[in-house]
Structure formats: structure tokens, C-alpha cells
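Note sheet for the following structure.
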Amino acid sequence: MTETQVGVLSCSGEEFLGGTLVRLATRKVMEELRPGKVVTLCLPLYIAGGEEEREFAKNYPVIAVDGCDKCCAKVATLKYSGEVHDTIVLTELLDRNVILSKIVSARELRPEHYAMADIVASEICKKVDEILAEQ
Ligand code: SF4
């Protein structure tokens, strides 16, 4: 935990492509692009009352990454921890019609979807780097 300075809370949407993409992107940031710099917080556990997740969000900057403009991750963070350092909403970043399409299984993903996940991942990295530069 000592090296970890930024939390990324992605929504857990199962209904739209956007939910799948935020999870792919967040995992890529954590495992490949900024290993050791970020932790991901589990939204269902967070909502269910996971003390460790909520404490982390109270004490460290959190970026909420949401698949659509219902902003479930942002809303949960504001409700349970009080502050969101930054947000990414996929329907504002990428083609809304594609993001809200019903492609939800990883088996259905095509190369262009992985390319979209890479755009989201690089957007997360930008925000992580900004936060780390401020500290
Ligand atoms: S933000 Fe949108 S895609 Fe994500 S969990 Fe909420 S409704 Fe689903």
C-alpha cells in the first residue's frame, strides 16, 4: 500500500459495452501501464460496505471511471467517501452509440473495441500522472 497513491474505481456495468471497456482499461492500467501506482477498488464491495475500500477512498485520491452517464462509480464514491478527485465517463469520451451497444461478452469484442479500451486506459493514465505530479 505504501507505493500506491491513486485509486481507480470503475463501474461494474454488465449491460453495455461501456462497462466492459472500463474494466478492461482499468485492469490494463493497474497491471501493465502504471503497476504499483494505482489500485482498483471493487465497486460491488464498496457499495456493500467494504471498510477497506471506503477507507482508501477517504484517504487517497480516487478517479471514478464510468461506462455511461449514470455515473454509478462516481455516485457511490460521493455517497460513501465524500470526494472524487477526477472522473471519466465513456459516453463523453467515445462514440455514445457504440458505448451503449449491448456487446457485453468478452467473446464478442472486436479489435476496434480493444482500441477503445486502450484510449480509456491512456485517459486514466493521464489523470493518474496528473495526480502523482501534484504530490
Ligand atoms: S455507469 Fe452505466 S454502464 Fe456503468 S454500471 Fe452504471 S449504468 Fe452500468
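As a basis for the values below, the full set of heavy atoms in this structure was taken, side chains included, without hydrogen atoms, waters or symmetry mates. Counting starts at 1 for both ligands and their atoms, following the listed order.
By the 4.0 Å N-to-carboxylate-O rule, D86 lies close enough to K127 to be salt-bridged with it. The pair D129-K37 does not meet the salt-bridge criterion, since no charged nitrogen lies less than 4.0 angstrom from a carboxylate oxygen.
Each of V62, D66, V65 was scored for a side-chain contact (heavy atoms from CB on, under 4.5 Å) with K74, with one residue passing: D66.
Distance CD/E108 to CD1/I103: 6.0 Å, rounded to 0.5 Å. Going from atom CD of E92 over to atom OG1 of T87 covers 7.0 Å, rounded to the nearest 0.5 Å.
Only protein N, O or S atoms were considered, and those under 2.8 Å from atom 2 (Fe) of ligand 1 are C68 SG.
Put simply, the side chain of R54 never gets that close to the backbone of Y80: no donor and acceptor are under 3.5 Å apart.
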